Student: 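Below is a structure I'd like to ask you about.
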Amino acid sequence: MSISKKYQPAEFEDKWYSYWLEQKFFASVPDEREPYTIVIPPPNVTGVLHMGHMLNNTIQDVLIRRARMKGKNACWVPGTDHASIATEAKVVAMLKEKGISKKDLTRTEFLEHAYDWKNKYGGIILEQLKKLGASCDWDRTAFTMDPHMSEAVIDTFIHLYKKGWIYRGVRMVNWDPQGKTAVSDEEVIRKEVNQKLYYIKYQVVDVAESGSPEDGKSESGEDVDTYNSQLATHNYLTIATTRPETIMADSAICVNPNDERYFHLHGKSVYVPLIGRVIPLIQDEYVAMDFGTGCLKVTPAHDLNDYELGIKHKLPVIDILNDDGTLNEKAQILVGEDRFIARKKIAVLLEEAGNLEKTEDYKSQIGFSERTDAAIEPKLSMQWFCKMEEMAKPALDYVLNGEIKLIPEKFINTYRHWMENVRDWNISRQLWWGQQIPAWYLPNGDFVVAKTVEEALEEAKKLSADNAQLTAADLTQEEDVVDTWFSSWLWPISVFNGIAEPDNAEINYYYPTNDLVTAPEILFFWVARMIMAGHEWRGEVPFKNVYLTGIVRDKLGRKMSKSLGNSPDPLDLITKYGADGVRVGMLLSSPAGNDIMFDEKDCVQGSSFGNKIWNAFLLVKGWEVDDSLEGKNKIAITWFENRFNQALAEIEDDFAQYRLSEALMATYKLVWDDFCAWYLEMIKPVYQQPIDRETYTHTIRFFENLLKVLHPFTPFITEELWHDELFGTRDSKDCIIVAQMPTFGQINTQLLADVETVKLVVTQIRNIRNNKQLSPKEALPLSVKINSAIDYNAYAGIITKLGNISEFTIIDEKLEGANAFLAQTDEFFIPLNETVDVAAEKERLEKEKEYLLGFLKSVDAKLNNERFVQNAKPEIIENERKKKADAEAKLAIIVAGLVSFG
RNA sequence: GGGAGUUUAGCUCAGCUGGUUCAGAGCAUCUGCCUUACAAGCAGAGGGUCACUGGUUCGAACCCAGUAACUCCCACCA
């Protein structure tokens, strides 16, 4: 195989991905090996790859590739989520462009369009993941609306209904007027919005003139004229509201019973401005006296708190809004107008009528739909709910007792807080795209829950003898579908068909899965609920570790988003830096749970790393072996072997703690510093000279091992190099992706420490060269007076080569008039053809001496302190003694040096 | 309003049980090199009041209390 002179990832990345696919290396079937399973957090089927996916899936791929190389049966299940609201919104928009309105379609027709859309655009994101190198078992690609997946959802619904955990009820829900569906609390995003606070005057009803206003039953606008004429002359009270368009839905005005300002109005009624309906003044401590005017308009239909107040005070509910957020006829005025337009118009009307006292700028939190970004409207409606309390308890325990580990652990607190305050889950959505709720309504309004209409009919007949005559045609199925999360919470089970066939070979083998990699934002939406479902269906956790990634931000710390336009296109990055480069770039600065400040520069570093590996390869590949040569690099070889073992132990430890960026950094330094900068330089033959067999063989083996350690991070370049004949003739199926990860052996720490000193010697020599502006090509003589136990004879070769030394001698006496330096306690001398600057040399030694004296003083202070000697651990004290002895030895050498200067 | 977290070099982060020779890494910066693997490079260097204030301790980046700034989550003040 001919290898390119330059590192050009585009030349081989696609090639290897196809080859891996062809060879079915990603595919997994149960066997006798230990399984290692990851299920992908399914992205939206119509989604496009963004930086968050890149990070998330890079991490998953590193984990899965590593497991595969460690001999596990690695299975990464990919797939997509039907994302009901988001996808339905996209389909509706697409149809609208074609001039088709959803209203004009039947459910079946609409779903046909939706499936067309899904088949056309769905799964683009999965294709993009392939570019990144994601080694998913694509044969297992699942979709949350696949027939067996949907069946699991329906079965779950029925199961929980039978347990009494699913019920119907009228509730105030978060209504998305754009999606025309309810959304869950978790799907509401609160944002601070600049608003206006409108101060509106409500005329107090004069008891003498109106019949019986206290009962609040006067509902029509019959006395509008009377009211308007009275406004100028009578008492009024002022309320402050941000939503003047809802005054027509007011059921009462509420003040705090302790508020002296309103004592005189207790028991009275007021007119709703513009429509003149009479409503009572009530008292409740809920109202804050210090906010606004201390008067609250109570609008049970359009505000959650007001709704609760309404229940408490038995107030009527007047819903003036349509599903799409426009005003209905109950509003009496501005009928058909959108709520926001109505707000502006009503302000004008109030102004004209003399009811608007003033407006103030006001900031407050408003909820927005996560899916459509429409302002959420609190709305009363009939919904399906799932009880959470009983499921939350075991799900909390799994995390608290450590059966499921959250990484990093700080999320445990957040998780607990949420699980202890969990509220029932609104699981119905007023959409078509999703699993239709398996409930069937009888003509009399009763309903039954059943899997099919036939079963429903039987259930209905059991329900009452009156239903004996019913036929399937008399039953109508619930229109609503379930929340998307009601399908994705089954994901780790249903991808292995574990609901319908709870004892099948696949689920028994792969479940529980090992690691889940996801974003902290969906810890509750998804992670918590998967744990609940796992417990409910299998009595077991769905995964053992949850690795929570951070949010990808730009270098200014802003969240990457389409609207800000600060997110680079991941595929462009891959084109520019190669998938390996982008993977390394992303991983370098992304500890678990911390946001990553993404900077394209990180990818430059990533691709530079690829370039470095490539060039190290070219160097080794260029060597010719001469079998007659004697091996002279035994020390270098032994050193690197030990250094490799040491680094591998560190990397293993980092992985065990899910410190992926540190594992990568340790690998990076092992390759770049230890292997390239030191080892290869130590053994590199002179230009165009051959190398001995022993060194060559070891070097090739080292290189292979490095490629293996690198593979999970940089799969493409490692596979490309792996197949070069440099590493021997390989069977085409002998790929690095399925190679065995090396294991580490014994570590000789003394040798490693000695070599560190030797490296220090080399650095000092280079330093002197730099300072004296001597060319690296000019060989210099070097002498050493040994005071330590290091055997410099063994290292002479390395020092001579890396320091470009002409002659290396071991001496017993100091060399006068030479440039000197210390490495630990050993004294080195480089005689140069120039007079040594005695004064400067003296000064250097004086400085060193001063420092050592100060240091000794601090050590002595400790050792002379009785309490230190009494309290500190013996090994700490021993260490202090050693520090003292070392410093004294060094000091003696320096003092001797100073004496020699006279 | 409640809760959690963060604060260490210009940037991004390590620093594991409080104790190795005045706190480490990568990137960036500076100096010198186009030295036949690599200028996407090589060799070297500089850079820190560990947010602040107190306390505990023989000893604190680390433990405790308080302060400040920032981030995230939760919450109905119209």
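Here is the naming used below: chain letters follow the sequence lines, and residue numbers restart at 1 for every chain. All values below come from the heavy atoms of this structure, side chains included, with hydrogens, waters and symmetry mates left out. Note that the structure is predicted; figures quoted are calculated from it, not measured.
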Student: Between A:H302 (NE2) and B:A78 (P), how many Å, whole number?
Tutor: 18 Å
Student: Could you verify whether a donor N or O on one side chain and an acceptor N or O on the other, from A:Q870 and A:R867, lie under 3.5 Å apart?
Tutor: no
Student: How long is the line joining CZ of A:F525 and C1' of B:C73, in whole Å?
Tutor: 12 Å
Student: When the ring centroid of A:F675 is compared with that of A:Y679, is the distance short of 6.0 Å?
Tutor: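 Yes - the distance between ring centres of A:F675 and A:Y679 falls below the 6.0 Å cut-off.
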Student: So what does A:N413 touch, heavy atoms closer than 4.0 Å: a base, only the sugar-phosphate, or nothing?
Tutor: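 Sugar-phosphate contact only.
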Student: Applying a 4.0 Å non-hydrogen cut-off, can you work out what A:D602 is touching in the nucleic acid: base, sugar-phosphate, or nothing?
Tutor: nothing
Student: Would you verify whether the NZ or CZ of A:R643 falls within 45 degrees of the ring axis of A:W672 while also being under 6.0 Å from that six-membered ring's centre?
Tutor: no
Student: So which one's nearest nucleotide on RNA chain B is more toward 5', A:Q657 or A:P776?
Tutor: A:Q657
Student: Treating A:T293 as the side-chain partner and A:T238 as the backbone partner, does any N or O pair qualify as donor plus acceptor under 3.5 Å?
Tutor: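 Flag set: sc A:T293 to bb A:T238 pair under 3.5 Å.
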Student: Tell me whether A:D653 contacts the main-chain N or O of A:A649 through its side chain, where contact means a donor paired with an acceptor under 3.5 Å.
Tutor: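 No: the side chain of A:D653 does not pair with the backbone of A:A649.
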Student: What's the CD-P distance between A:Q605 and B:U29, to the nearest Å?
Tutor: 13 Å
Student: Output the rounded distance in Å from NZ (A:K862) to P (B:C22).
Tutor: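 It is 11 Å, rounded to the nearest whole Å.
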Student: Between B:A14 atom P and A:L588 atom CG, what is the distance in whole Å?
Tutor: 13 Å
Student: What's the gap between B:U36 and B:A28 when it is taken at their P atoms, as a whole Å value?
Tutor: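 Straight-line distance between the two P atoms is 23 Å.
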Student: Rounding to the closest angstrom, what is the interatomic distance between B:U71 and B:C30 at atom P?
Tutor: 32 Å
Student: If I pick the C1' atom on B:A61 and the same atom on B:G24, what distance separates them, to the nearest angstrom?
Tutor: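 That atom pair is separated by 12 Å.
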Student: Roughly how far apart, to the nearest Å, are B:C34 and B:A43 at atom C1'?
Tutor: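 My reading of the C1' atoms in B:C34 and B:A43 gives 14 Å.
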Student: Taking only the side-chain heavy atoms of A:V287 (C-beta and beyond), determine which of B:A78, B:A14, B:C27 contains the nearest atom.
Tutor: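 Minimum distance to the A:V287 side chain belongs to B:A78.
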Student: For the atom pair CE (A:M665) and CG (A:D654), what is the distance rounded to the nearest 0.5 Å?
Tutor: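 Separation between the atoms: 11.5 Å.
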Student: Can you identify which nucleotide, out of B:C27, B:A78, B:U17, has its nearest atom closest to the A:Y668 side chain?
Tutor: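 My answer, after comparing the listed nucleotides, is B:C27.
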Student: If you check the A:R659 side chain, which of B:G26, B:C58, B:A14 turns out closest?
Tutor: B:A14
Student: Are the aromatic rings of A:Y668 and A:F609 close, with centres under 6.0 Å apart?
Tutor: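 Yes, the ring centres sit under 6.0 Å apart.
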Student: What's the NZ-P distance between A:K196 and B:A78, to the nearest Å?
Tutor: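 Value for this atom pair: 16 Å.
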Student: When the P atoms of B:C63 and B:U7 are considered, how many whole Å apart are they?
Tutor: 11 Å
Student: How many whole angstroms separate atom NZ of A:K669 from atom C1' of B:A14?
Tutor: 9 Å
Student: Dot-bracket notation for RNA chain B is requested: 5' to 3', Watson-Crick or G-U wobble pairs only, both distances under 3.5 Å, with ( ), [ ], | and . as defined.
Tutor: (((((((..((((.....[....)))).(((((.......))))).....(((((..]....))))))))))))....
Student: When you compare B:G47 with B:C22, how far apart are their C1' atoms, in angstrom units rounded to a whole number?
Tutor: 16 Å
Student: Can you tell me, in whole Å, how much space there is between the C1' of B:A39 and that of B:G32?
Tutor: 14 Å
Student: Can a donor-acceptor pair be found between the side chains of A:K297 and A:T299 at a distance below 3.5 Å?
Tutor: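 Yes, A:T299 and A:K297 have a side-chain donor paired with an acceptor closer than 3.5 Å.
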Student: Calculate, to the nearest 0.5 Å, the distance between atoms OG1 and CH2 belonging to A:T695 and A:W623 respectively.
Tutor: 8.5 Å
Student: Roughly how many Å apart are B:C73 and B:C52, using the P atom of each and rounding to a whole number?
Tutor: 29 Å
Student: Can you tell me how far the CG atom of A:D886 sits from the CG atom of A:L856, to the nearest 0.5 Å?
Tutor: 10.0 Å
Student: Could you work out which one of B:G19, B:A78, B:G26 sits closest to the side chain of A:T241?
Tutor: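 Closest of the options to the side chain of A:T241: B:A78.
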Student: Distance check needed: B:C58 P versus A:E880 CD, whole Å only.
Tutor: 16 Å
Student: What does nucleotides 36-47 of chain B look like as a protein-contact string, B for base, S for sugar-phosphate only, - for none, at under 4.0 angstrom between heavy atoms?
Tutor: BBB-BSSBSS--
